[in-house]
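A short worksheet on the structure shown next.
In this chain, residues are counted from 1 in sequence order.
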Amino acid sequence: MIKLNGELLERIQANRKRIADKQYCVPEVFANGGDWPGDWQGRTILSLASLYNALEGFDNERKGVLKQLTDILDALDKETNPYGYFGALLDPEKVDEQQISGNSWFLRGLCESYQITKDEKIFDRIHSIINNYLLKLSDAYDRYEIKKRHSGEVSGCLSDEVDNCWKYSSDVGCAFIMLDGMSHCYALTKNEELKKLIDKLVDRFVATDYVGLSFQTHATCSCTRGIIRMYENTGDDAYLSKAIAIFDNYLNFGMTKDYCNINWFNKPNSWTEPCCIVDSYIIAAKLYKITNDHKYLTILNRIYLNALPASQRSNGGAGCNTCLNDENNVLKCFLYEAFFCCSMRLSEGLKCIVETIHTDNRFLFFFEGRIETEAYSAEITGDVYKDNEIVFERKDDRDGLISLAFYLHKDYDLLSENVQRNGNFVTISLKPFEKITVGIRRSHHLEGDVYYLGDNILFKNTGDVANSSPKVTIDGTQCEYIMNYLHVKEEDAEKVEQRL
């Protein structure tokens, strides 16, 4: 087990505090969501299940999370329709795209909750939704029109008109978010009829010019995560190759220079959306674990070090920023908090970060905290990206050396004979009860027109808010890491301005 300390724990606890707000609790949670049936409630349930898992080792906090979660689950019977999902019963001639998307998050939350509680009532609800909603959508997906559509504001809106049996959303392509919910249901139930529908949706999506038609990048990446989950549950390489191809298109056409996203393909002057940032981290982490391709390790570290600090706000929620790209080199706040979606999805991202700290006996990034295994106990103190030294201490008396291998970009040198470097991994060897203090030497490098210190992008701060990050002088100009909005007061957030 890893018991966290430092900034990652601070992020998790801040997000937990935000999701404890009354708008995410019974009864208020059921009054929210507007034209997105199940979306607010589903993301909240998923958030709480994610926080429960992320807070392993913090029993008191987990207890409060579980109470809030079970209160919502216990109230579902009176808040959902007779078949157990949110919104009106399905009308095959008037299919609501936003209802489909919202109930995908509801299904994700139910699946995660079932894995925690093993409550058969949750499992029965999932089965009911599969049989009475999902499987009845097959003909509608055959009629889903792939064409250019209007894109909307931060919170999407539903068309007033019915077009070929669909009421479409301005969050273009959000019907395919349901691949995420369906695949999670398949992982639990192994329902073969559901798999046939999933395969239809996958084929439908990959045959679509989702880039040219300006699909929402969040919908695209959520769909991709669903396809990867199908690979994980079937071993069918066709799913994997399709997911990799979609994610490559996202990296080339949907990701900003600071490893965030543009909200729709081909709309570089829109805004970032932490929901998609979370999706992209999860995809990169899964693809690295599956393929061992180093590019995904770099991407997940750069999302963690750049996109996450720019997205999480001081209240623990998540908000939107301007898009850094060839048309814009100024990073600043666009929307302080997307409390209706991104603040909840941030929880799943934080959970995934905790889960991917340690993969295949290697740590995929540095963190502060204590590591407890059957073989050893060790503690890491200090922030390798900001402090001048890190302390490694072994806490057990078992015989022999242990070796801890961490990903760390070659711009960072750890100055100790106890440390060996192999490419972008460093290994620290410790004897029983040994404590070593390691100094850090940093250098920067240039990629294209962007300077980096390791995987941290370097900016010029042109706003009115001081940045506490390390400073690097390049050609006489003082540069710094991306602003950590977690430490910026809400009233100061709009004063932050950084330039590449």
Side-chain angles (χ1 to χ4, degrees), residues 32-50 76 80-81 83-88 90 95-115 122 125-138 140-141 144 155-156 158 166-169 171-189 191 194-195 197-202 204-205 210 215-230 233 243 246 273 275-276 278-279 282-283 340-342 344-345 347-349:
N32 296 311
D35 293 332
W36 292 83
D39 194 275
W40 186 296
Q41 298 79 18
R43 290 176 194 259
T44 299
I45 294 169
L46 178 59
S47 168
L48 292 166
S50 298
L76 287 177
T80 57
N81 65 38
Y83 290 133
Y85 58 95
F86 280 92
L90 176 67
V95 180
D96 183 335
E97 185 171 20
Q98 292 181 178
Q99 182 184 20
I100 289 173
S101 176
N103 276 288
S104 180
W105 296 115
F106 181 44
L107 285 165
R108 288 287 326 285
L110 290 176
C111 291
E112 290 286 353
S113 298
Y114 176 74
Q115 289 170 305
I122 298 174
R125 182 181 294 272
I126 292 168
H127 271 294
S128 177
I129 297 171
I130 291 171
N131 293 325
N132 296 293
Y133 186 49
L134 301 188
L135 296 181
K136 294 180 182 296
L137 291 170
S138 182
Y141 274 105
Y144 188 92
S155 181
L158 194 67
W166 282 88
K167 295 186 75 174
Y168 291 106
S169 174
D171 279 2
V172 182
C174 70
F176 290 95
I177 286 177
M178 185 50 92
L179 270 168
D180 189 22
M182 286 180 178
S183 65
H184 208 157
C185 291
Y186 177 76
L188 285 182
T189 67
N191 184 308
L194 181 59
K195 182 178 181 296
L197 178 56
I198 290 169
D199 289 342
K200 175 188 289 190
L201 267 65
V202 172
R204 193 98 167 89
F205 187 86
Y210 47 89
F215 270 39
Q216 189 193 39
T217 52
H218 168 35
T220 301
C221 285
S222 290
C223 164
T224 307
R225 289 191 300 99
I227 297 172
I228 293 172
R229 191 181 289 110
M230 292 304 295
N233 281 275
I246 298 169
E273 187 184 24
C275 287
C276 187
V278 165
D279 290 335
I282 296 171
I283 293 169
F340 43 85
C341 60
C342 298
M344 299 96 106
R345 279 302 311 294
S347 310
E348 186 181 11

Tell me every residue that passes side-chain hydrogen bond (donor to acceptor under 3.5 Å, both in side chains) with [X], counting only those two or more places apart in sequence or in another chain.
{"X": "T220", "answer": "none"}
{"X": "Q99", "answer": "none"}
{"X": "Y210", "answer": "N249"}
{"X": "T189", "answer": "none"}

List in chain and number order the residues that pass side-chain contact (heavy atoms from CB on, under 4.5 Å) with [X], two or more places apart in sequence or in another chain; answer none if no residue qualifies.
{"X": "A175", "result": "E97, Y141, Y144, W166"}
{"X": "A187", "result": "R229, N233"}
{"X": "S104", "result": "I177, M178, D180"}
{"X": "K167", "result": "K94, L158, V162"}

### Task
Return yes if some donor-acceptor pair links the side-chain N/O of S128 with the main-chain N/O of Y83 below 3.5 Å, else return no.
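A pair under 3.5 Å: yes.
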### Check: M344 main-chain N/O paired with S347 side-chain donor or acceptor under 3.5 Å
yes
### Query
If you round to the nearest 0.5 Å, how far is NE2 of H127 from CG of L194?
10.5 Å
### Message
I'd like to check the ring pair (Phe, Tyr, Trp, His ring centres under 6.0 Å) partners of Y186; sequence neighbours left out, ordered by chain and number.
### Response
none
What pair of heavy atoms forms the shortest contact from [X] to [Y], and how long is it?
{"X": "E273", "Y": "C342", "result": "CG-SG, 3.7 Å"}
{"X": "L197", "Y": "L134", "result": "CD2-O, 3.1 Å"}
{"X": "I228", "Y": "A243", "result": "CG1-CB, 3.5 Å"}
{"X": "L46", "Y": "W105", "result": "CD2-CE3, 3.9 Å"}

### Task
For R43, enumerate each residue passing the salt bridge (Lys or Arg N to Asp or Glu O under 4.0 Å) test, keeping only those at least two apart in sequence or located in another chain.
D39
### Sequence-distant partners of K136, salt bridge (Lys or Arg N to Asp or Glu O under 4.0 Å), two or more places apart
none
### Option among Y85, W40, F86 that satisfies the ring pair (Phe, Tyr, Trp, His ring centres under 6.0 Å) test with F106
F86
